Amino acid sequence: MHQLDQILSEVAGYYPNADLALIRRAYQFAAAAHEGQTRKSGDPYVTHPLAVAQVIAELKLDVASVCAGLLHDCVEDTSATIDQLGEQFGKEVAFLVDGVTKLGKLPYSTREEQQAENFRKMLLAMARDIRVILVKLCDRLDNMRSLHHLPPEKQERIAAETMQIYAPLANRLGIQWIKVELEDLAFKYLYPGEYEQLATEIAKTRAERLEYIHAVEKLIQKEMTENGVPCEVMGRAKHLWSIYQKMKRTQRPFAEIHDAIGFRVITDTQMHCYQALGVAHQTWTPIPGRFKDYIALPKPNLYQSLHTAVIGPKGERIEIQIRTSEMNLVAEHGVAAHWKYKEGRPVALEDDKKFAWLRQLMESQKELRDPTEFLESVKIDLFGDEVYVFTPQGDVKALPKGSCPIDFAYAVHSSIGDHCSGARVNGMIVPLRYQLRNGDTIEIITSPNQKPNKDWLKLVKTARARTKIRWLLRQEQRDKAVALGTDLVDKALRKHDTTIGRAQKELAHAAKELKLQTVDELIVQVGYGKITAQQVLEKALPSLKKADEAPAKTESMLKTLLRKVTRRTSSSGIKVAGEEDILVRFAKCCSPLPGDPIVGFITRGRGVTVHRRDCDKGLDLDPERRIDVEWDGLSKAQHEVAIQVMCADKPGLLAHISQSFTDQGVNISQAHCRATEDGRAVNTFHALVKDLDQLKSVIRSLSRIKGVFSVDRVSADPS
């Protein structure tokens, strides 16, 4: 009960009129519901809801949120129902618990589909009440803190989901301390070798770094005070994941990362923020291109601060963030710091500009029914740094870093994006591949004859642009499939003295037999190659089938369509819709390995092409051509995969890397190595591996080699 008392004390501290009795009742209900259940650690299960409620209290959320944290697993893991919670704790608490509860009891064909639908449900609930995602983030944080009790495969899956979705969500909501902790915990399980190596190197210099931080804190404080800027100065080392990302981005070892220390100057007014910036630049030399003014141009989550980097004492590069106390509260707690009530109720999202990104996210996802594509779009919307550009009228648009004029055009309006033929940036014509920069003024040139093409998908960065372009390209493919399907079915029917127009009733019967909704859908499926005109004929004119029927067993539709020229036992290791003897080829853009989640696409004349589920090129293909495929687990074939190793350019290191492949029992089929001007080497190895587990083992082994900066699986396709 000690932890419950802590929670009650914390809530009473920031909310004096809180209904603490309701929180007590919620705890008692949760303890009774989870009675006899234990966590993987062996602790009573109720310790988890208590820990979640503790984090919620640290965010200073309301009583309903704390109760939801205590009750969040009751519906999923016990016999309790949402109705019961509504009766005992009110509709508000019941709604929050329902929003967080997974859809575990519904049937889904793949884990991706389940993950997407869980997340879609959560986004919908979150759009109605932002507290749903705040409770979920607290739940995920406690799960990550206790992840070491789970088996390695679960650790990796949960850590990847955290890094891809929950940490970016925390960032979007502006809750920096949760984002930072989630990233470091996920880093620990996704790249254990790199994590341990970096943590060890940081530990070695800890005492020296702390001494430097204290000295610089005093120096900044002295300069600010002498120049009349009242402030508090705090220094801290950057978190592990951000240092690792910088090492990868710059291809430098930890010893050469000089700005791994940041300082925060907290003052009282906006005017003093700019004055403090002047003092910093007057005292130390600023580094060109590193100044950002998020006070005048706040981030979409309303984060405000001045960022600069200078050459500090002892020639070290240091980063300085300058903000007011209120801005600092928002920077640490995000939307939780903005929590406002009107007559005891939260402000409606529609009235609040800080949730504009969420509304836009929901609008752009409405059309996406494919789970993998939905999750990919969500990740694009949540991830990454942003650039701020202007319309000719002076309106600001925030777009992901690396965006091009096409992204900007779609951000303005879909029809402008569809007909974008060029752009003027700051008055000058630029190509569509131009990457937008902070402060650019963009004017889009349109043409009624212009339409999206496949190459646009290689340029765009926003989910909105990608979704719109894919939709139009698929519409074109569908139109072609309708034309081809109509031609094939009509030719087949004419051989029996009838046409599509005259055989509508028969074709409707054929569609029903083939489990399709309409004749139009039937025609499309023939055009895509999922069924043949002969199979349509057999269903539409059953008398033909009876006359031609041989005593031998009828082949499946798929085998009829994709039968191999030479019959042989499948060596691909792939089952296509349950069939083994189907012509299969692996896409070079993503080089799937046994263990990778995969998806197949029917390709006329070339059988089935297999992609990884998260492959961008696979996602660009029409879902209508998609077909279920799975690894059969029997094949002993080896698969080629490309591995890029970035390392120091020094004698003997390449031999060490090569030996690491040999030690893992992996053969290198091809290697391309080149030195860069800054004393580094970029090595791309094409290796033959059995499956995903062996690839991971190789990557872990290579990552441990001293002098290796990063190891990544890359596209085997040079294009």
Side-chain angles (χ1 to χ4, degrees), residues 167 170-171 174-184 187 198-199 201-224 229 231-250 252-267 272-295 298-299 301 303-334 384-386:
N171 184 49
I175 312 170
Q176 286 305 301
W177 69 273
I178 288 186
K179 174 226 176 204
V180 163
E181 190 172 348
L182 286 176
E183 283 179 342
D184 278 358
F187 177 28
L198 183 56
E201 290 191 59
I202 287 175
K204 284 179 194 170
T205 60
R206 178 176 166 77
E208 182 187 330
R209 206 168 57 252
L210 284 174
E211 187 182 333
Y212 181 80
I213 287 171
H214 291 321
V216 176
E217 278 176 349
K218 286 179 184 174
L219 193 52
I220 294 174
Q221 187 77 59
K222 176 176 169 287
E223 292 292 338
M224 294 296 167
V229 180
C231 68
E232 180 188 354
V233 182
M234 294 174 285
R236 90 255 179 265
K238 287 186 177 177
H239 67 293
L240 290 176
W241 176 246
S242 73
I243 295 173
Y244 177 68
Q245 289 294 91
K246 179 136 197 176
M247 287 167 63
K248 279 190 74 173
R249 196 166 57 246
T250 60
R252 295 180 184 280
F254 174 69
E256 293 180 31
I257 301 294
H258 297 297
D259 53 353
I261 297 172
F263 293 87
R264 194 171 292 162
V265 176
I266 312 294
T267 184
H272 277 138
C273 289
Y274 288 102
Q275 194 178 334
L277 177 72
V279 173
H281 284 184
Q282 179 183 304
T283 309
W284 298 289
T285 306
I287 299 168
R290 295 294 299 277
F291 168 62
K292 288 176 183 169
D293 186 345
Y294 292 119
I295 292 179
K299 290 187 178 185
N301 59 19
Y303 171 91
Q304 286 184 290
S305 191
L306 297 176
H307 289 198
T308 189
V310 298
I311 306 296
K314 298 183 182 177
E316 291 281 350
R317 292 175 175 228
I318 58 173
E319 288 190 353
I320 302 175
Q321 297 174 351
I322 305 165
R323 57 181 77 141
T324 65
S325 303
E326 188 181 338
M327 290 173 192
N328 191 54
L329 184 65
V330 172
E332 288 301 306
H333 293 278
D385 293 333
E386 287 167 312

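Because the structure is a prediction, the values reported are computed rather than measured.
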Please report the closest heavy-atom contact between A280 and V310, naming both atoms and the distance.
-> O-CG1, 4.5 Å
For I178 and A170, work out which heavy atoms get closest and say how close.
-> CG2-CB, 4.1 Å
For Q275, which residues count as a side chain to side chain contact (heavy atoms under 4.5 Å, CB included) partner, sequence neighbours excluded?
-> V229, H272
Working for side-chain contact (heavy atoms from CB on, under 4.5 Å), residues I202 and I243 = CA-CA 10 Å; I202 287 175; I243 295 173; 3.8 Å; yes
If you measure from CG on L240 to CG on L198, what distance do you get to the nearest 0.5 Å?
-> 5.0 Å
To the nearest 0.5 Å, atom CD1 of I295 lies from atom OH of Y303 at 9.5 Å
By side chain to side chain contact (heavy atoms under 4.5 Å, CB included) - contacts of Q176 (at least two apart) = N171, K179, E332
Main-chain N/O of L306 paired to Y274 side chain as donor or acceptor, under 3.5 Å | no
Hey, could you give me the OG1/CZ distance between T308 and R290, rounded to the nearest 0.5 Å?
-> 8.5 Å
I would like to know whether W284 and I220 meet side-chain contact (heavy atoms from CB on, under 4.5 Å); could you show each step before the answer?
-> CA-CA 10 Å; W284 298 289; I220 294 174; 3.6 Å; yes
Looking at side-chain heavy atoms only, is the closest gap between R317 and I311 below 4.5 Å?
-> yes
Partner residues of E232 under the side chain to side chain donor-acceptor pair (under 3.5 Å) criterion, sequence neighbours left out = none
Set of residues satisfying ring-ring contact (aromatic ring centres under 6.0 Å, His included) with respect to H214, sequence neighbours excluded = none
Between T283 and L219, is any pair of side-chain heavy atoms under 4.5 Å apart?
-> no
How far apart are the C-alpha atoms of I261 and E316, what are their side-chain angles, what is the distance that settles it, and do they pass the side-chain contact (heavy atoms from CB on, under 4.5 Å) test?
-> CA-CA 9 Å; I261 297 172; E316 291 281 350; over 6 Å; no
With sequence neighbours left out, write down each residue that passes side chain to side chain contact (heavy atoms under 4.5 Å, CB included) with E181, or none if nothing qualifies.
-> L141, R145, W177, L185
Only residue of I322, V279, T267, I266 satisfying side chain to side chain contact (heavy atoms under 4.5 Å, CB included) with C231 is T267
Which distance, rounded to the nearest 0.5 Å, do you find between the CD of E319 and the CZ of F263?
-> 11.0 Å
R323 CZ to N328 CG distance, which is reported to the nearest 0.5 Å = 5.0 Å
For S305 and Q321, the nearest pair of non-hydrogen atoms, with its separation, is OG-CB, 3.8 Å
Rounded to the nearest 0.5 Å, what's the gap from CD on Q304 to SG on C273? Could you check?
-> 9.0 Å
Could you list the residues that satisfy side chain to side chain contact (heavy atoms under 4.5 Å, CB included) with E326, not counting sequence neighbours?
-> T324
